[in-house]
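Below is one structure, written out as structure tokens; comments come after it.
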Amino acid sequence: MDIASNLKQVLAELPEGVRLVAVSKFHPAEAILEAYRAGQRIFGESKAQELQTKHEALPGDIEWHFIGHLQTNKVKYIAPYVALIHSIDSPHLLAEVDRQAAKAGRTVDCLLQVHIAREETKFGFSPDECRQYLASGEWQALQHVRLCGLMGMATNTDDMQQVRREFDGLAALFREVKAAWFPQAPWFKELSMGMSHDYHEAIAAGSTLVRVGSHIFGERNY
Ligand SMILES: *Cc1c(COP(=O)(O)O)cnc(C)c1O
């Protein structure tokens with residue numbers, strides 16, 4: 001397993017305008033450094049504590065993305081440096097990110113996580129909840145977060161037509177809310193979708209950020 005060559009293989013498949021988030025959760029700092037030396041700068045983590053440890057140990061020009069469920073009491077640890085939170089799954093969480101970003105004297109870029117998969121999950125807005133939240137205008141009062149787009153995870157299935165339908169649905173929702181609420185906001189441009197087993201489908205559906213872990217770093221031991 002050679003991280004640098006896996007990374008190059010994935011990068012070679014990305015069209016212009018699609019960025020790679022190398023998902024390094026549960027992998028040691030040494031593995032991240034291997035990808036870093038091969039030129040990768042964006043890394044994704046899903047636990048605040050783990051991100052904190054890695055952020056302290058690794059080079060300062062890494063762009064850290066948070067991709068997992070974020071508990072509100074952990075926001076304060078990552079707000080000072082996180083580059084993008086993909087996984088805003090409730091209005092309450094976004095408000096807390098705003099509060100902690102204000103304390104840290106910065107603005108934090110965020111994506112709303114939308115639940116598109118068939119599987120039951122506790123996390124994410126349904127498409128209708130996403131529409132309703134944006135229509136509420138609540139987010140417009142938040143001065144220290146910037147909504148940059150949407151994130152979603154497809155059903156974990158080998159039925160790639162099903163996966164593609166779900167990604168197409170999220171892309172359509174993205175275009176709808178962009179037109180309704182962010183027509184003059186060039187920063188609202190991110191569609192975070194696609195993991196190791198489905199990033200080709202995600203790219204075909206219009207993804208701008210693919211989150212690829214095991215395909216680069218190998219299987220996780222958890
Ligand atoms: C773990 C994870 C990934 C990466 O998954 P792989 O199958 O290892 O590529 C992507 N997105 C989220 C939200 C994750 O939790």
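In listed order, ligands and their atoms are each counted from 1.
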Answer yes when D128 and R131 have at least one side-chain N-carboxylate O distance shorter than 4.0 Å, and no when they do not.
yes
Ligand 1 to S196, heavy atom cutoff 4.0 Å, flagged ligand atoms 6 (P), 7 (O), 8 (O), 9 (O)
Tell me the contacting part of S46 for ligand 1: side chain, backbone, both, or neither, using a 4.0 Å heavy-atom threshold, strictly below.
neither
Short list, please: which atoms of ligand 1 are under 4.0 Å from a heavy atom of V212?
9 (O)
Run down the list K25, R211, M153 and name the one with the heavy atom closest to atom 2 (C) of ligand 1.
K25
N/O to N/O below 3.5 Å, does that happen between H197 and ligand 1?
no
Which residues pass the side chain to side chain donor-acceptor pair (under 3.5 Å) test with E96, not counting sequence neighbours?
R99, Q100
Do you know which two heavy atoms are closest between A48 and K74, and how far apart they sit?
CB-CB, 3.7 Å
If you count heavy atoms of other groups shown closer than 6.0 angstrom to CD of Q49, is the number above 12?
no
Which side chain to side chain donor-acceptor pair (under 3.5 Å) pairs, counting each pair once, include a residue from residues 146-155, with sequence neighbours left out?
D109-R146, T155-E166
